[in-house]
Amino acid sequence: MGRLFFIALEGNFYSCKHCKTHLALSKDIISRTFYCRHGRAYLFNDVVNVSVGEQEERMMITGLHTVVDIFCVGCGSIIGWKYEVAYDKSQKYKEGKYILEMFKVLGPDGTGYLASHDPQLVGSDGDDA
């Protein structure tokens with residue numbers, strides 16, 4: 001396969017819960033109002049140290065989107081998704097942006113997030129940011 005090169009982030013960053021690979025800087029958060037199957041999710045402008053899966057159409061709370069799942073390059077865990085296409089005009093701001101599921105990452109202080117069991121939070125997309 002070849003040698004993997006990891007990008008080390010400086011400052012306040014989010015990392016993979018399983019292997020601690022750096023993923024995103026706090027300053028790149030666009031919105032904290034998103035939710036996924038496991039609870040809270042944040043929309044980021046940029047992430048590092050991820051690989052992408054196959055494109056798929058996914059119906060979310062805010063409409064149909066083309067997305068790719070994103071995986072940690074350190075351990076292969078799925079950690080969220082990237083918006084490729086948003087079909088609704090009001091959702092276009094999401095295109096090219098990334099969702100990190102907070103249950104699957106460690107915050108800047110090194111602590112994890114707990115999964116939510118609130119049935120209102122079950123879904124795969126956020127409210128308008």
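Heavy-atom basis, side chains included; hydrogens, waters and symmetry copies ignored. Note that the numbering runs from 1 along the sequence shown for the chain.
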Applied to residues 23-34, the salt bridge (Lys or Arg N to Asp or Glu O under 4.0 Å) test, sequence neighbours excluded, yields none
Besides Phe5, the hydrophobic cluster formed by Ile, Leu, Val, Met, Phe, Trp and Tyr side chains linked at under 4.5 Å, directly or via other members, contains none
Here the salt bridge (Lys or Arg N to Asp or Glu O under 4.0 Å) pairs for residues 7-24, sequence neighbours left out, are none
message: Parallel, tilted or perpendicular: which one describes the rings of Tyr14 and Tyr113, with boundaries at 30° and 60°?
response: parallel
One should read off an interatomic distance between His18 NE2 and Leu106 CG, to the nearest 0.5 angstrom, of 9.0 Å
| query | Under the side-chain contact (heavy atoms from CB on, under 4.5 Å) criterion, do Thr62 and Lys94 qualify, and how do the steps go? | reply | CA-CA 11 Å; Thr62 55; Lys94 296 177 185 174; 2.8 Å; yes
Consider only side-chain heavy atoms of I, L, V, M, F, W and Y, link residues closer than 4.5 Å, and tell whether Leu43 and Trp81 are in one cluster.
-> yes
Rounded to the nearest 0.5 angstrom, the SG-NZ distance for Cys36 and Lys104 is 7.0 Å
side-chain hydrogen bond (donor to acceptor under 3.5 Å, both in side chains) for Thr66 and Gln55? Distances and angles first, verdict last. CA-CA 6 Å; Thr66 301; Gln55 278 192 355; 5.6 Å; no
Taken in chain and number order and not counting sequence neighbours, the residues that satisfy salt bridge (charged side-chain N to carboxylate O under 4.0 Å, His left out) with Lys97 are none
The salt bridge (charged side-chain N to carboxylate O under 4.0 Å, His left out) partners of Lys82 (sequence neighbours excluded) come to Glu84
One should read off an interatomic distance between Ser31 OG and Tyr93 OH, to the nearest 0.5 angstrom, of 6.0 Å
Ignoring hydrogens and angles, write down the donor-acceptor pairs under 3.5 Å from the side chains of residues 44-52, residues two or more places apart or on other chains.
unit_1: Asn49; atom_1: OD1; unit_2: Ile7; atom_2: N; d: 2.8
unit_1: Asn49; atom_1: ND2; unit_2: Ile7; atom_2: O; d: 2.7
unit_1: Asn49; atom_1: ND2; unit_2: His22; atom_2: O; d: 2.8

So the salt bridge (Lys or Arg N to Asp or Glu O under 4.0 Å) pairs with at least one residue in residues 71-80 (sequence neighbours excluded) are none
Please table the atom pairs, donor to acceptor, closer than 3.5 Å between any side-chain atom in residues 68-79 and protein atoms at least two apart or in another chain.
unit_1: Asp69; atom_1: OD1; unit_2: Arg58; atom_2: NH1; d: 3.3
unit_1: Asp69; atom_1: OD1; unit_2: Arg58; atom_2: NH2; d: 2.9
unit_1: Asp69; atom_1: OD2; unit_2: Arg58; atom_2: NH2; d: 3.4

Item to complete: Examine Ile99 and Ile30 and state if one hydrophobic cluster contains both, with Ile, Leu, Val, Met, Phe, Trp and Tyr joined whenever side-chain heavy atoms are less than 4.5 Å apart.
Response: yes
Problem set entry | side-chain contact (heavy atoms from CB on, under 4.5 Å) evaluation trace for Val85 with Tyr87 | CA-CA 6 Å; Val85 179; Tyr87 295 99; 3.7 Å; yes
(Q) Less than 3.5 Å apart, any donor N or O on the side chain of Tyr35 or Glu101 sitting next to an acceptor on the other? (A) no
Residue set satisfying side chain to side chain donor-acceptor pair (under 3.5 Å) with Lys92, at least two apart, ordered chain then number -> Glu95
Between Leu23 and Cys16, is a side-chain contact (heavy atoms from CB on, under 4.5 Å) present by the stated rule, with each step listed? CA-CA 7 Å; Leu23 299 171; Cys16 177; 4.3 Å; yes
